[in-house]
Amino acid sequence: VKEIRAGAFQGLYGLEYIILPPSMETLGIKAFAYCRCLKNLVVPSTLQSVTGGTVACEIPSTQIDSYYRSLLENATAIRESAFDTNRTLENAVVPEDITAIGTSAFQYIYCLKKAVLPIGLLTIGTYAFRNDFQLGTVAFPVTLTAIDQNAFEQCFGVEEAVLPGSVRSVNGSAFLN
């Protein structure tokens, strides 16, 4: 198996464990979304692409850190809706190799408090952190060049945004409250 397509296991409430084979390369949008009993997800290092909302919102807090790290181990971009509506992620430490955060990648993560963005990050996509109500700390890297529209919309906890001189574009309503 090299690919699990969009929604393939979506809504399987009794699914508790997933071990993906070494041949796995791609997980489609919402492949395991809303698997409410999911306790553990083992992701091989061969995984090359994770599209939006793969496990939207149901990984328990005890597993989110290892899941998060394993999904991003070989990536250079965080794809659209990758962690959208995750209910347990409190701190997002984006790995060094990531150069782009896609549209809605971290939106609706109500308990997200901190986002550490790596040196090398160039762009933050539209709605990337939208409605992350508790997000208070965002460290913008000196390499950042663009923040798309509504990227931090409704992030009420962000009281100050110190943007580096490398930023050339902050699109409409990027920090709308």
Side-chain angles (χ1 to χ4, degrees), residues 27 29-30 32-41 43 50-164 166-167 169-177:
L27 292 178
I29 188 168
K30 296 188 178 182
F32 298 104
Y34 312 111
C35 294
R36 298 183 193 277
C37 295
L38 191 59
K39 295 178 183 173
N40 198 5
L41 172 62
V43 181
V50 179
T51 55
T54 301
V55 187
C57 82
E58 302 303 340
I59 294 286
S61 59
T62 55
Q63 298 296 325
I64 192 65
D65 290 335
S66 61
Y67 163 73
Y68 177 75
R69 279 193 304 275
S70 66
L71 282 184
L72 299 177
E73 191 171 324
N74 298 312
T76 57
I78 298 176
R79 305 281 183 220
E80 179 179 339
S81 300
F83 297 95
D84 181 2
T85 67
N86 181 293
R87 293 183 184 154
T88 59
L89 187 62
E90 290 183 12
N91 296 303
V93 179
V94 178
E96 300 273 329
D97 295 338
I98 300 296
T99 60
I101 296 176
T103 299
S104 306
F106 292 96
Q107 76 171 350
Y108 295 106
I109 303 177
Y110 300 132
C111 56
L112 185 65
K113 295 176 183 168
K114 182 178 181 180
V116 178
L117 307 177
I119 291 176
L121 181 69
L122 301 173
T123 61
I124 298 173
T126 302
Y127 303 126
F129 292 91
R130 177 175 64 165
N131 290 326
D132 293 346
F133 303 130
Q134 294 187 48
L135 183 61
T137 304
V138 181
F140 295 102
V142 296
T143 54
L144 187 65
T145 60
I147 301 173
D148 285 345
Q149 66 187 31
N150 303 86
F152 293 91
E153 176 186 345
Q154 305 292 321
C155 292
F156 301 120
V158 176
E159 295 179 3
E160 181 178 68
V162 179
L163 302 177
S166 59
V167 174
S169 167
V170 178
N171 289 317
S173 304
F175 292 91
L176 177 68
N177 275 332

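Along the sequence shown, the residues carry numbers beginning at 1. These numbers come from a predicted model, not from an experiment. Values reported hereafter were calculated over all heavy atoms of this structure, with side chains retained and with hydrogens, waters and symmetry mates removed.
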Approximate separation, where rounding is to 0.5 Å, of Thr123 OG1 and Ile147 CD1 = 10.0 Å

If you measure from CG on Leu121 to OG1 on Thr145, what distance do you get to the nearest 0.5 Å?
-> 8.5 Å

Gap between atom CD of Glu153 and atom CZ of Arg130 - 0.5 Å precision | 5.5 Å

What do the steps show when you test Leu112 against Phe129 for side-chain contact (heavy atoms from CB on, under 4.5 Å), and what is the final call?
-> CA-CA 9 Å; Leu112 185 65; Phe129 292 91; 4.0 Å; yes

Donor-acceptor pair, Thr126 side chain versus Thr103 backbone, under 3.5 Å?
-> no

Got a second to check how far Leu135's CG is from Phe106's CZ, nearest 0.5 Å?
-> 10.5 Å

Which class fits the ring pair Phe140 and Phe175: parallel under 30°, tilted 30 to 60°, perpendicular over 60°?
-> perpendicular

Within the side chain of Asp132, is there an N or O that forms a donor-acceptor pair under 3.5 Å with the backbone of Ile109?
-> yes

For the side chain of Ser173 and the backbone of Gln149, is there at least one donor-acceptor N/O pair under 3.5 Å apart?
-> no

For Pro141 and Pro164, the nearest pair of non-hydrogen atoms, with its separation, is O-CG, 3.0 Å

Look at the side chain of Ser166 and the backbone N and O of Leu144, then say whether any donor-acceptor pair between them is shorter than 3.5 Å.
-> yes

For Gln134 and Tyr110, indicate whether the former's side chain and the latter's backbone hold a donor-acceptor pair under 3.5 Å.
-> yes

Decide yes or no for Ile124 and Leu117: does some side-chain heavy atom of the first lie under 4.5 Å from some side-chain heavy atom of the second?
-> yes

Spatial distance of atom CG (Asn131) from atom CD (Gln154) [nearest 0.5 Å] = 5.5 Å

How close do Cys155 and Asn177 get, heavy atom to heavy atom, and via which atoms?
-> N-OD1, 3.4 Å

